[in-house]
Structures are given as structure tokens and as C-alpha cells.
Number of protein chains: 2
Amino acid sequence: MNRKIAARCLAELGNLTRLDIYRLLVRAGPCGLSITDIQTRLDVPASTLAFHLRGLVGSGLVTQEKIGRTVICRAQYERMDGVVAFLREHCCEGFETDLAASTTRRAS
Amino acid sequence: MNRKIAARCLAELGNLTRLDIYRLLVRAGPCGLSITDIQTRLDVPASTLAFHLRGLVGSGLVTQEKIGRTVICRAQYERMDGVVAFLREHCCEGFETDLAASTTRRAS
DNA sequence: GCTCTATTTCGAATATTCTAGAAATATGGT
DNA sequence: ACCATATTTCTAGAATATTCGAAATAGAGC
């Protein structure tokens, strides 16, 4: 995980339509849902849906498997876990040297 | 937590500059960092920083406390926790009825 | 090979976000 | 009152994202 991938994933989920799609897939679990299923449940035009799915897949948050002419989409939990871990990384660790130089000093 | 707030938070963190700011604050912990500290560490113009901080504060991911003329910023961990919980909500729960009607059926 | 269904690409209009200089405001110290 | 520092607002140009109809592609079944 790195800054760019994390930002990309977060930005993808930062759109209401994509968030709805993603949550639908999280709920669906390992079986996933076909694109048509998603379309039916969320009532989004096919081209709009394709646009958003491209983003989710491109960020690694969703994977797709083509079976015949239908595409099954699944939430890739590991990706999201990685992003969350990245956000919590170094929590409360503070910084090296500059406690003395920092404007932040208050208890000195 | 609801869709809109979650999407807002995720979108805020979906920008590289804001992600850097947020991670810096997570790392800084409860003491937080002044805006000048953030500016120094990330090398972002003051007006740009103000723009991004407004977003982070507006979404509830960051709080601010004014002490004299300096503003201390802190990561609001609870907010992020709420967003993460929301993303995982109903995981693998599936859907009501339509197992039979769904295009998704495969093992029938 | 035709036809129906599933999905993607194209294209263009619209909307939103990002950037950063310049000016304004706020506050502390002298 | 004045000056230096901290931060915000204003503004506007540039860059990106979103929407969705129409047309294109891909595969299944007859």
C-alpha cells in the first residue's frame, strides 16, 4: 500500500454512486453480483454504471470474473483492509527531533 | 453514520494533499499540529492548505482548537472508525427473496 | 448467420474540484 | 498605535470528474 493507491481507493469510494455499488457488493459477499443485478438494484444507466465500475476495478477495490456474457463483480476486502491499515499507520508515533523547535510546544 | 457523510469523508481523504495532511495528524496524535507546522512539513501554500483543511474539518475527520493566533489540528479517529464500520456493515449478509429470480444463481 | 442479451466505448455537455496569488482579518508582543 | 506572525477569504483560471444517449462489441442459443 502507498499514498497514491490509498488516495485512489478513497476517492473511488468518495462518490455516492460508487459507494452504493461497493456496499452492495460487500453485502453480496463471495458470490458477488452481476452487472445487471447491480443495475437493477441501484437503477443507474448502463453506461454510467460501466464508468463507475471501471474506477472501482481499476483501484483494486472490486474484481470481476466473466462467465459467458455476464460479468460477476466482487468486493475485494483485502484492498480496503490495506487502505484502512495505511490510514492508521504510525498513529500517535509523533516526530523525530523538533519537539524543541516546533511551534507546537506548549508544556515546555 | 450515513451514506452521505461516509462518501464525504472518503472523498476528502481521496485527495493526495488531504491524505497527507490527515496522515500527518494521525501520526502527531492527541497533541495535534499547528497549521504552520503542517505547512512547513508538507510545503503547501497557505491558501491551498486552508482550502483542504476546511474540507477535512467540514467532514468531521479533523477538529481544530484555536490557541492565541495559532490553530491546532487533530485527527478525529472516531469519525474514521465510523466510516470503516459503515463500509463493512452487512458484509456477506446477502439479500432477501430473489435468490431464485436472480441472474446470479449458479449452483442451482 | 441471425438475434437477443450483456456490457463497453465514444463523445460531448455539464458540474465540481483544485490551485495559488493577493488582499483581508485576527492576535500577540512592544 | 505599530509591527510581525497566523490564518482565512476572494478570485479566477486550469484541471478533473460525472452523466448518459447512441453506437459498438461479445457471446449464447437457435
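This structure is a prediction, so every number in the text was calculated from the model and none was measured. Every chain is numbered from 1, with letters handed out A, B, ... down the list of sequences.
One atom, CG of A/Leu16, and another, C1' of C/dT17, lie 16 Å apart when rounded to the nearest Å. Between the CD atom of A/Gln64 and the C1' atom of D/dA26 there is a distance of 15 Å, rounded to whole Å. Rounded to an integer number of Å, the gap from A/Leu42 CG to C/dT7 C1' is 16 Å. Here the C1' atom of nucleotide D/dA17 and the CZ atom of A/Arg18 are 8 Å apart, to the nearest Å. Between the P atom of D/dC20 and the CZ atom of A/Arg54 lies a distance of 15 Å, rounded to the nearest Å. Rounded to whole Å, the distance from CD on B/Glu65 to P on D/dT7 is 13 Å. The distance from atom CG of A/Leu19 to atom P of D/dT18 is 13 Å, rounded to the nearest whole Å. Atoms CG (A/Leu49) and C1' (C/dT8) sit 11 Å apart, rounded to a whole Å.
The one candidate from B/Glu12, B/Arg8, B/Gln76 that meets the side chain to side chain contact (heavy atoms under 4.5 Å, CB included) condition with B/Leu61 is B/Glu12. A/Cys73 pairs in a side chain to side chain contact (heavy atoms under 4.5 Å, CB included) with only one of the listed residues (A/Ile35, A/Leu56, A/Thr63), which is A/Ile35.
Judged by distance alone, the side chain of B/Arg18 and the main-chain N or O of B/Leu13 form no donor-acceptor pair under 3.5 Å.
Here the closest heavy-atom approach between residue B/Leu25 and residue B/Tyr77 is recorded as O-OH, 4.0 Å.
Remark: B/Glu78 pairs with no residue by the salt bridge (charged side-chain N to carboxylate O under 4.0 Å, His left out) rule, at least two apart or across chains.
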**OP:** Quick one, give me the B/S/- string for nucleotides 19-29 of chain C, reading 5' to 3', where B means a protein heavy atom under 4.0 Å from the base and S means that only happens at the primed atoms, P, OP1 or OP2.
**Re:** BBBB---SBB-

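Judged by a 6.0 Å distance limit and a 45° cone about the ring axis, A/Arg3 is not positioned over the six-membered ring of A/Phe86.
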